Amino acid sequence: MAQRDGSTGSHRAAPEHTHPDDVRVQSALAALADPVRLTLVRELAGADDWTRTCGSFDVPVGKAALSHHFAVLRGAGIVEQRDEGPKRVNRLRREEFGARFPGLLELVLRAE
């Protein structure tokens, strides 16, 4: 619930995002090279925007490591996150990232 000062009352800061236009190809490739991050991206690709919470992914890492992986993906311009109440929801920045790196997401989303 919003506080009088406009904040949500959450103890965490809103996520910071890097626009894909500000990302170097080396950073994008490094973010997508990690198996956990690749799993996150693939699962987001199969979901509607803003429907997956951070805790809904089946990856073999703890909460702190998962937060780190999402930070890397945000920093590479691949995902966007927002807080909805106590949950943080995600979306794949398919259009924006695809405009910056045409065809790259399609390549990594292909079945192995």
Side-chain angles (χ1 to χ4, degrees):
M1 179 153 85
Q3 304 292 316
R4 290 174 74 83
D5 64 2
S7 71
T8 61
S10 175
H11 65 280
R12 64 181 170 187
E16 294 185 24
H17 299 89
T18 302
H19 193 278
D21 289 346
D22 299 326
V23 176
R24 295 178 24 200
V25 69
Q26 295 89 340
S27 298
L29 292 172
L32 292 166
D34 182 89
V36 170
R37 290 192 288 269
L38 188 54
T39 297
L40 296 173
V41 168
R42 285 181 172 160
E43 288 190 26
L44 278 173
D48 291 333
D49 288 353
W50 309 119
T51 59
R52 295 293 303 269
T53 64
C54 293
S56 70
F57 294 88
D58 185 22
V59 289
V61 297
K63 287 176 91 172
L66 185 60
S67 292
H68 168 74
H69 286 299
F70 273 115
V72 171
L73 291 171
R74 284 194 321 268
I78 300 167
V79 300
E80 184 177 7
Q81 297 180 303
R82 70 180 183 205
D83 291 334
E84 290 185 356
K87 306 273 185 187
R88 184 161 282 178
V89 292
N90 305 276
R91 82 168 182 99
L92 187 61
R93 297 179 81 173
R94 197 182 289 262
E95 286 184 32
E96 303 101 302
F97 192 81
R100 173 73 169 115
F101 303 108
L104 182 56
L105 271 180
E106 289 76 16
L107 283 173
V108 300
L109 293 174
R110 286 184 187 167
E112 295 181 34

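Owing to the predicted nature of the structure, the values given are computational and were not obtained by experimental measurement.
- Scanning both residues, Val23 and Gly75, for their nearest heavy atoms gives CG2-O, 3.8 Å.
- Residues Arg88 and Ala13 share a closest heavy-atom pair of NH2-O, 3.0 Å.
- Put simply, Trp50 and Phe57 are part of two different groups of oily side chains (I, L, V, M, F, W, Y) that touch within less than 4.5 Å, one to the next.
- Under a hydrophobic-cluster definition in which Ile, Leu, Val, Met, Phe, Trp and Tyr are linked whenever side-chain heavy atoms come within less than 4.5 Å, directly or via other members, Val41 and Val89 are assigned to different clusters.
- Without hydrogens or angle criteria, Asp48 side chain to Thr51 main chain gives no donor-acceptor distance under 3.5 Å.
- In this structure, Arg74 contributes its side chain and Pro15 its backbone to no donor-acceptor pair below 3.5 Å.
- Between Ile78 and Leu40 there is no side-chain heavy-atom pair separated by less than 4.5 Å.
- One finds the CD atom of Glu80 at 9.0 Å from the NE2 atom of His19 (value rounded to the nearest 0.5 Å).
- Contact annotation: the side chain of Arg91 never approaches that of Arg82 to less than 4.5 Å [non-hydrogen atoms, C-beta and beyond].
- Partners of Arg52 by salt bridge (charged side-chain N to carboxylate O under 4.0 Å, His left out), not counting sequence neighbours, listed by chain and number: Glu43.
- Under a 3.5 Å cut-off, the side chain of Arg42 and the backbone N or O of Arg110 do form a donor-acceptor pair.
- For the atom pair CZ of Arg93 and CZ of Arg100, the computed distance is 12.5 Å after rounding to the nearest 0.5 Å.
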Open item on the list: Before you tell me yes or no, could you show the steps for Leu32 and Leu104 under side chain to side chain contact (heavy atoms under 4.5 Å, CB included), namely the whole-Å CA-CA distance, both residues' side-chain angles and the distance that decides it to 0.1 Å?
Closed with: CA-CA 10 Å; Leu32 292 166; Leu104 182 56; 4.1 Å; yes
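- Residues Leu105 and Leu29 fall within the same hydrophobic cluster, defined by Ile, Leu, Val, Met, Phe, Trp and Tyr side chains chained together at heavy-atom separations under 4.5 Å.
- Hydrophobic clustering, with ILVMFWY side chains joined whenever heavy atoms are under 4.5 angstrom apart, keeps Leu107 apart from Val25.
- The cluster map of Ile, Leu, Val, Met, Phe, Trp and Tyr, joined by side-chain heavy atoms under 4.5 Å apart, puts Val72 and Leu38 in different clusters.
- Between Ser27 and Ala76 the shortest heavy-atom distance is O-CB, 4.1 Å.
- Residues passing the salt bridge (charged side-chain N to carboxylate O under 4.0 Å, His left out) test with Glu95: none are found, sequence neighbours excluded.
- Counting heavy atoms from C-beta on, the side chains of Thr39 and His69 never come closer than 4.5 Å.
- Around atom CD of Glu16, no more than 12 heavy atoms belonging to other residues, nucleotides or ligands sit under 6.0 Å away.
- For the pair Val79/Phe97, no side-chain contact is recorded, criterion being any heavy-atom separation below 4.5 Å from C-beta on.
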